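Being a predicted model, the structure only gives us computed values, none of them experimental. Heavy atoms only: backbone and side chains are in, while hydrogens, waters and symmetry mates are out.
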Amino acid sequence: MPKYDEYESPLAHRYASNEVKKIFSPRERASTWRKLWLWLAEAEKEVGLTQITDKAIGALRSNLIVSDEAFQVIAAEERIRRHDVMSAIFALEKDAPDAAGIIHIGATSCYGRRSAQWAQDLVMDLDDIEYARTGLRFRGAQGTTGTQASFMEIFQGDTSKIDRLNEILCEKAGFEACYDISTQTYSRKVDLRIANALSAFGATAIRIATDIRHLAHDKVLDEPHEATQVGTGSSAMAFKMNPMRSERICSLGRKLSNISTNFSDTFSSQWLERTLDDSAIRRIDIPEIFLLTDALLILLDDVTNGLVVFPAMIRSQIEQEIPFIATENIIVKLVHKGVSRQEAHERVRVLSLETVHAMKMEGSKNNLIERIKKDEFFEPILDDLDALLDPKLFIGRSAEIVERYLGADGPVTNTTLWAISARPVTVEL
């Protein structure tokens with residue numbers, strides 16, 4: 001189709017620079033993936049992964065820029081696979097056949113460490129809030145429009161007295177200094193910076209509570225419930241145990257995470273020195289942004305201090321899903337035996353989809369491993385297959401990662417967040 005018959009974003013076509021457009025171009029993105037795969041292979045070889053050869057590294061290095069022909073291969077493959085990354089790997093294996101089988105090796109997605117992730121997100125919020133808080137300054141004695149003209153009159157032009165006046169005011173108010181520039185008011189950018197930090201915390205609160213709601217739905221985790229609690233969320237049915245507090249966090253968090261838009265509009269629409277259109281909305285939003293933050297902190301503290309985990313339910317779900325979870329290790333084992341990762345991925349994908357279809361349409365159990373054992377393609381790893389299903393193989397370094405982050409010598413221990421929490425968080429097993 002001629003380019004004149006296709007929509008083109010005016011933002012890119014008319015207003016953005018060529019440098020920025022190149023950064024976000026398809027070629028730059030796809031070529032960046034190739035650089036990442038090269039770096040991964042180089043690092044894996046350096047730490048002792050023997051199947052990655054110098055020849056493979058050279059092949060990857062020689063094909064870092066995605067050609068027009070490679071884009072055609074990617075497009076054709078993606079129409080079949082419906083997966084952009086796998087299609088890009090396929091194209092790279094065609095360009096660099098000496099590297100086939102080792103591209104992307106070990107670099108799959110993973111689960112786990114969920115509560116540690118919550119902590120890290122909260123620490124990021126704390127960093128942002130502390131940055132905004134410590135950056136606060138006093139407006140001080142600046143006069144009607146920030147020129148200090150009235151104080152020049154009072155002190156008969158003695159600017160040193162005006163400076164000392166503001167030093168005294170800052171000391172009394174508990175601020176380090178005054179803002180260098182003020183108009184009739186302090187800049188409403190100050191309100192926006194604080195609102196952005198607190199709104200980001202609201203998004204984190206929603207994220208944490210949503211995780212808890214999903215896990216509670218799967219019956220592997222629950223928030224605390226009082227023994228005589230009647231309210232169960234959406235109804236009072238005796239068997240229901242809805243995560244009411246987490247639902248409330250999502251509700252309040254939705255308000256907090258979006259309220260910064262009001263502060264942005266107030267700041268950006270100010271007329272010169274100031275207009276009173278900022279008055280009424282700030283009277284409502286400034287108190288509420290702190291009330292919302294306070295309420296969410298109370299709720300999060302309540303929920304996380306009483307989380308209950310159900311190991312038996314977790315074990316049952318793992319047993320049902322472990323064949324799917326093990327597929328990446330199966331692929332890696334095949335690669336160790338000399339099979340192309342692309343071919344291994346495709347064969348595992350086909351059998352997995354057949355298994356899922358049978359589970360959904362026939363209500364059958366997960367029989368992926370039985371299908372694999374019957375397929376001659378997997379013969380090189382049949383003796384290793386049962387050992388690959390050990391659940392301990394799939395937690396990786398999770399325990400070490402969590403301890404490193406949350407343990408006595410980890411970064412969380414040394415933050416204000418840890419000092420604020422006087423009592424330890426316990427999880428009942």
Within a strict 4.5 Å, meaning less than it, do heavy atoms of the [X] and [Y] side chains meet?
| X | Y | value |
| --- | --- | --- |
| Leu300 | Phe201 | yes |
| Glu93 | Val73 | no |
| Ile80 | Phe90 | no |
| Asp84 | Trp33 | yes |
| Leu122 | Ile208 | yes |
| Cys178 | Cys170 | yes |
| Asp68 | Arg27 | yes |
| Pro224 | Val308 | no |

Donor-acceptor pair, side chain of [X] and main chain of [Y], under 3.5 angstrom:
| X | Y | result |
| --- | --- | --- |
| Ser199 | Ala195 | yes |
| Ser316 | Ala312 | no |
| Ser187 | Val190 | no |
| Asp301 | Leu297 | no |
| Glu44 | Ile102 | no |
| Asn63 | Ala59 | yes |
| Thr204 | Ala200 | yes |
| Gln142 | Thr183 | no |
| Ser87 | Glu78 | yes |
| Ser364 | Ala358 | yes |

_Parallel, tilted or perpendicular, as decided by the 30° and 60° cut-offs, for the rings of Tyr179 and Tyr186_ = parallel
*asked:* Using 30° and 60° as the class boundaries, would you call the ring planes of His104 and Trp37 parallel, tilted or perpendicular?
replied: perpendicular
Carboxylate-amine/guanidinium proximity below 4.0 Å for [X] and [Y]:
| X | Y | answer |
| --- | --- | --- |
| Glu42 | Lys35 | no |
| Glu19 | Lys22 | no |
| Arg349 | Glu346 | yes |

If you measure from [atom1] on [X] to [atom2] on [Y], what distance do you get to the nearest 0.5 Å?
| X | Y | atom1 | atom2 | result |
| --- | --- | --- | --- | --- |
| Ser251 | Leu256 | OG | CG | 11.5 Å |
| Asp294 | Glu288 | CG | CD | 13.0 Å |
| Gln342 | Ile331 | CD | CD1 | 10.0 Å |
| Leu136 | Ile194 | CG | CD1 | 4.5 Å |
| Thr261 | Asp285 | OG1 | CG | 10.0 Å |
| Ile330 | Leu368 | CD1 | CG | 6.5 Å |

*Derivation of the side chain to side chain contact (heavy atoms under 4.5 Å, CB included) call for Met244 and Arg248*: CA-CA 6 Å; Met244 293 171 55; Arg248 191 174 302 135; 4.1 Å; yes
*Step by step, would you call Asp383 with Lys333 a salt bridge (Lys or Arg N to Asp or Glu O under 4.0 Å)?*
CA-CA 11 Å; Asp383 292 339; Lys333 182 64 71 173; over 6 Å; no
No-hydrogen, no-angle side-chain donor-acceptor test under 3.5 Å, [X] and [Y]:
| X | Y | result |
| --- | --- | --- |
| Gln51 | His336 | yes |
| Gln117 | Asp121 | yes |
| Arg254 | Asn258 | no |
| Thr266 | Arg282 | no |

_Under the side-chain contact (heavy atoms from CB on, under 4.5 Å) test, residues paired with Val303 that sit two or more places apart_ =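 For Val303, the residues satisfying side-chain contact (heavy atoms from CB on, under 4.5 Å) (neighbours in sequence not counted) are Ile212, Glu223, Arg245, Ser246, Ile249, Leu307.
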*Option among Ile372, Leu334, Val339, Asp375 that satisfies the side chain to side chain contact (heavy atoms under 4.5 Å, CB included) test with Arg347*: Asp375
What is the minimum heavy-atom distance between [X] and [Y], and which atoms define it?
| X | Y | result |
| --- | --- | --- |
| Leu296 | Gly202 | CD1-CA, 4.3 Å |
| Gln184 | Arg139 | O-NH2, 3.4 Å |
| Phe267 | Arg188 | CD1-C, 3.8 Å |
| Leu38 | Ile57 | CD1-O, 3.9 Å |
| Gln120 | Tyr405 | CA-OH, 3.0 Å |
| Val66 | Ala70 | CG1-CB, 3.6 Å |

*Of Arg213, Arg207, His214, which is the lone residue that meets side-chain hydrogen bond (donor to acceptor under 3.5 Å, both in side chains) with Asp211?*
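Of Arg213, Arg207, His214, side-chain hydrogen bond (donor to acceptor under 3.5 Å, both in side chains) with Asp211 is met by Arg207 alone.
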Tell me, yes or no, whether the heavy-atom count around [X] atom [atom1], taken from other residues, nucleotides or ligands under 6.0 Å, exceeds 12.
| X | atom1 | answer |
| --- | --- | --- |
| Phe324 | CZ | yes |
| Glu8 | CD | yes |
| Leu353 | CG | yes |

*So Ile318 and Phe394, side chain to side chain contact (heavy atoms under 4.5 Å, CB included) or not? Walk me through it.*
CA-CA 11 Å; Ile318 288 175; Phe394 307 104; over 6 Å; no
_Run the side chain to side chain contact (heavy atoms under 4.5 Å, CB included) test on Arg341 and Ile103 for me, step by step, so that the C-alpha distance in whole Å, both residues' side-chain angles and the decisive distance to 0.1 Å come before the verdict._
CA-CA 8 Å; Arg341 190 187 192 283; Ile103 300 168; 6.0 Å; no
*asked:* Checking Lys21 against Glu28 for the salt bridge (Lys or Arg N to Asp or Glu O under 4.0 Å) test, could you report, in this order, the C-alpha distance in whole Å, the side-chain angles of both residues, the deciding distance, and whether it holds?
replied: CA-CA 10 Å; Lys21 286 190 288 187; Glu28 189 71 14; over 6 Å; no
*Check step by step if side chain to side chain contact (heavy atoms under 4.5 Å, CB included) holds for Leu389 and Asn329.*
CA-CA 9 Å; Leu389 301 177; Asn329 282 11; over 6 Å; no
*Worked check of salt bridge (Lys or Arg N to Asp or Glu O under 4.0 Å) between Glu400 and Arg404*: CA-CA 6 Å; Glu400 178 187 350; Arg404 181 187 298 173; 2.9 Å; yes
*Run the numbers on Arg34 and Asp95 for salt bridge (Lys or Arg N to Asp or Glu O under 4.0 Å), then give the verdict.*
CA-CA 11 Å; Arg34 292 193 173 191; Asp95 286 344; 3.0 Å; yes
